[in-house]
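In this text the structure is predicted, and so the values were computed from the model without any measurement. Here is the naming used below: chain letters follow the sequence lines, and residue numbers restart at 1 for every chain.
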Protein chains: 2
Amino acid sequence: MTNITIQDIANEAGVSKATVSRVLNNSQAVDPITRNRIQTIIEKRHFVPSATARNLSKRTSDTIGFVVPEIDNPFFGDILRGVIEIIDANNLTLICCNTDDNMDKDLKALEMLKEQRVRGLLYTPAIDYSTEEEKKRLGKILKEMQTPVVLMDRRISLADVGGVYFDDYHGMYNATKALIEHGHTKIAIINASLDRVLARDRRDGYMAALKDAGIEPDPRYNLEGNYRMTQAYELSKKLLAMEDRPTAVITCNNRTSLGFYKALRERGEKTPRDIALIGLDRIEELDVMGYEMNYIERDAKELGKRAIEMLINRMAFPGKAVRDVILDTHVKIYKI
Amino acid sequence: MTNITIQDIANEAGVSKATVSRVLNNSQAVDPITRNRIQTIIEKRHFVPSATARNLSKRTSDTIGFVVPEIDNPFFGDILRGVIEIIDANNLTLICCNTDDNMDKDLKALEMLKEQRVRGLLYTPAIDYSTEEEKKRLGKILKEMQTPVVLMDRRISLADVGGVYFDDYHGMYNATKALIEHGHTKIAIINASLDRVLARDRRDGYMAALKDAGIEPDPRYNLEGNYRMTQAYELSKKLLAMEDRPTAVITCNNRTSLGFYKALRERGEKTPRDIALIGLDRIEELDVMGYEMNYIERDAKELGKRAIEMLINRMAFPGKAVRDVILDTHVKIYKI
DNA sequence: GTAACCCATGTAACCGGTTTCAATAAACAT
DNA sequence: ATGTTTATTGAAACCGGTTACATGGGTTAC
């Protein structure tokens, strides 16, 4: 009933388990005849060695942790897809965690992954931490994991932690610029919390474009949300109801775009007739349907690939200096 | 540099590692004073015991395998989300695999999960196996895993394997019926491969509705695909170009719906003006945008929850008879 | 013929936990 | 005071692999 072990194979082959282990790992010369005999038995018995025992013995594992805030968001789904492709190609194993953008769940997930002794960590931190203390705690836990960490999409400044990010600064800059070139001056941005570097980058790109065009930014157009559709919807509702409302809007992820659209639609309005929109991230379904949403394109699958590649590299060369990867973005305009 | 172990804690506390283990597991009475001392040290040192060692010693694990064909498809993303919620609540660990609907990758993933000695398996088999031999091989591997298996969404008849499925028969029946009631008689179905039970169920539901209405089915309207957008697109293109083409179409998943729309749009046509459509599965983005696609609703997240719940139950009561769960579907019609 | 070497394999310790069993001391009963 | 029970803890084996080191037979060199 119980699982067959290396000892069972050794017994049946009349050798010691060391020899079987050598066959399994191709680690030392084994007499071809013996090797053959052992391999035959292994196949006949469908013996698969226990990764648990191997990991314990080797004091390592081939397991990678993957922690993101919203696994059912296509953005992270695409990232995950990219990650898994490389994972498969390298015979690694992926443990997935979802945090709902809730730092408590982040910490719980990291704890669990430490317990699992993962070899590396791919991580998009929750948006909701704020205090310096929480940040410190996070940094400490990451350090304690004794394992390379690669951040995805969202940056936190921590020593020794690499990351793959999008160039949201220029994404926002170019999107804003495109709107300005089409005559817009009252441009709103539905951003995430400015506590976070990424959101500040986006705001900076947006501000820089305004400044370069000599447009005075209106603080009322500078919205802070949390990446969720519901909140973007609420913010948009207010925004659209303003008497001096903007003529163009930029969002900060796919959910925010949808939230904006929902609010807009409720008013019986639409883009670009009543207001212009440039969304952050393509929404595949809309594109296929021929629904022409302008967007800042970011290749999430590519980000996933680059992140896991960086992680594997860091696993291979632990000492090597960390260098972030910044991925380009492209502004795709149908009609403003 | 290396990880701190139970022995380190024991040394520092001046006790044996057995006692530390007892504290960790609350498994036996330990003098409150000793317990306190040990716990303090554990916290001070941020000791997290190795799951690997524990698993080896206990000859079990808290790890669940999750194998699906297309992790970046929102349908599976939703399932995954449901699964993870329950996983978290039960302090389990989830290993994710993607198969691209390719049975070779299925087998490779299952092998890997066996190696990891997972406690249970959530599995949506690839669509592309066909021969009896392959099916046998799959059954054998699943049996060899010595672990409960719960199938998700796609059924294969194997002894001792439970599953959670949607009632696609009635979904299709009701969708077809709705179309008929709106006057359609030439109704096409873009299905998956009829090698599979699920696709046959759907065809049966569709056929039954036609029969109940006294409509002779047209074999040319009975399309077989592979769940992918590209193929649905090709099939739809041909279908729409037929001279005696159907007046209504039913698809078999979200990708198929999009493929159909793409083909339709290329012809400058749209629903429901030129042809009626009922898609299988809601497409959230379209719904939010107010794009009124009729659909057969299936709650994928709920399926995920039910599947992992069933799995946990089977882990707890290994002997218990297997009983499948069939989830209802609802036809949502905007305009036909 | 013997020393030096190589090849194939076995022995045993080890990884970091859990668990059974035994030991000791304190508490209790008589 | 002595025997019995109970509470707390330690010693040691075990889980299923890996690996450093030892062993022994067969070659080769001289």
- Step by step, work out the salt bridge (charged side-chain N to carboxylate O under 4.0 Å, His left out) result for B:Lys305 and B:Glu309. CA-CA 6 Å; B:Lys305 284 188 177 189; B:Glu309 280 167 357; over 6 Å; no
Send over the distance from [X] [atom1] to [N] [atom2], rounded to a whole Å.
X	N	atom1	atom2	result
B:Gln146	D:dG16	CD	C1'	15 Å
A:Arg59	D:dA20	CZ	P	10 Å
A:Lys17	D:dT19	NZ	P	13 Å
B:Arg22	D:dG10	CZ	P	8 Å
A:Glu115	C:dT18	CD	P	10 Å
A:Ile9	D:dG17	CD1	P	9 Å

- Item | Heavy-atom neighbours of A:Asp160 CG exceed 12 at 6.0 Å |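 Not more than 12 within 6.0 Å, no.
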- Task: Please work out if B:Val20 contacts a base, only the sugar-phosphate, or nothing of the nucleic acid, heavy-atom cut-off 4.0 Å.
- Result: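 Since no nucleic acid heavy atom lies under 4.0 Å of B:Val20, the category is nothing.
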- What nucleic acid atoms does B:Thr5 come within less than 4.0 Å of, heavy atoms only: base, sugar-phosphate, or nothing?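 It contacts sugar-phosphate atoms only.
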- Item | Over all atoms of both residues, closest heavy-atom pair of A:Ile71 and B:Arg81 |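 A:Ile71 and B:Arg81 have their closest heavy atoms at CG2-CA, 4.1 Å.
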- Task: Only counting residues at least two apart or in another chain, list the ones meeting side chain to side chain donor-acceptor pair (under 3.5 Å) with B:Lys105.
- Result: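 So B:Lys105 forms a side chain to side chain donor-acceptor pair (under 3.5 Å) with B:Asp100.
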- Does B:Arg45 have any side chain to side chain donor-acceptor pair (under 3.5 Å) partners at least two apart in sequence or in another chain, and if so, which?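 Side chain to side chain donor-acceptor pair (under 3.5 Å) list for B:Arg45, sorted by chain: B:Glu12.
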- Message: At a heavy-atom distance below 4.0 Å, what parts of residues 23-42 of chain B sit against DNA chain C?
- Response: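 The stretch gives B:Asn25, B:Gln28 as the residues lying under 4.0 Å from the strand, ordered by number.
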- Task: Check the pair A:Asp153 / A:Thr124 against side-chain hydrogen bond (donor to acceptor under 3.5 Å, both in side chains), numbers first and verdict last.
- Result: CA-CA 7 Å; A:Asp153 185 46; A:Thr124 299; 5.9 Å; no
- Message: With a 3.5 Å cut-off and heavy atoms only, can you find an N or O donor on one side and an acceptor on the other between the side chain of B:Arg117 and the base of D:dG16?
- Response: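 Absent.
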Flag side-chain contact, heavy atom, 4.5 Å: [X] against [Y]:
X	Y	answer
B:Val118	B:Met145	yes
A:Val48	B:Glu144	no
A:Ile79	A:Phe66	yes

- Task: Strictly below 4.0 Å, heavy-atom distances to any atom of DNA chain D: list the hits from residues 46-57 of chain B, or just say none.
- Result: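 The stretch gives B:Leu56, B:Ser57 as the residues lying under 4.0 Å from the strand, ordered by number.
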- Using the salt bridge (charged side-chain N to carboxylate O under 4.0 Å, His left out) rule, collect all pairs that involve residues 117-127 of chain A, keeping only residues at least two apart or in two chains.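 Sorted result for residues 117-127 of chain A: empty, none.
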- Query: Want to settle it: does A:Lys58 or B:Thr19 sit nearer the 5' end of DNA chain C, counting the closest nucleotide to each?
  - Reply: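 Looking at the nearest nucleotide for each, A:Lys58 comes out on the 5' side.
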- Task: Report the end-to-end axis angle of the helix from C:dG1-D:dC30 to C:dT30-D:dA1; each axis comes from five terminal pairs, and the value is rounded to 10°.
- Result: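 Between the axes fitted at each end of the helix from C:dG1-D:dC30 to C:dT30-D:dA1 lies an angle of 50°.
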- For the pair B:Asn26 and B:Arg35, evaluate side-chain hydrogen bond (donor to acceptor under 3.5 Å, both in side chains) and give the outcome as yes or no after the intermediate values. CA-CA 10 Å; B:Asn26 259 320; B:Arg35 161 180 305 265; 3.1 Å; yes
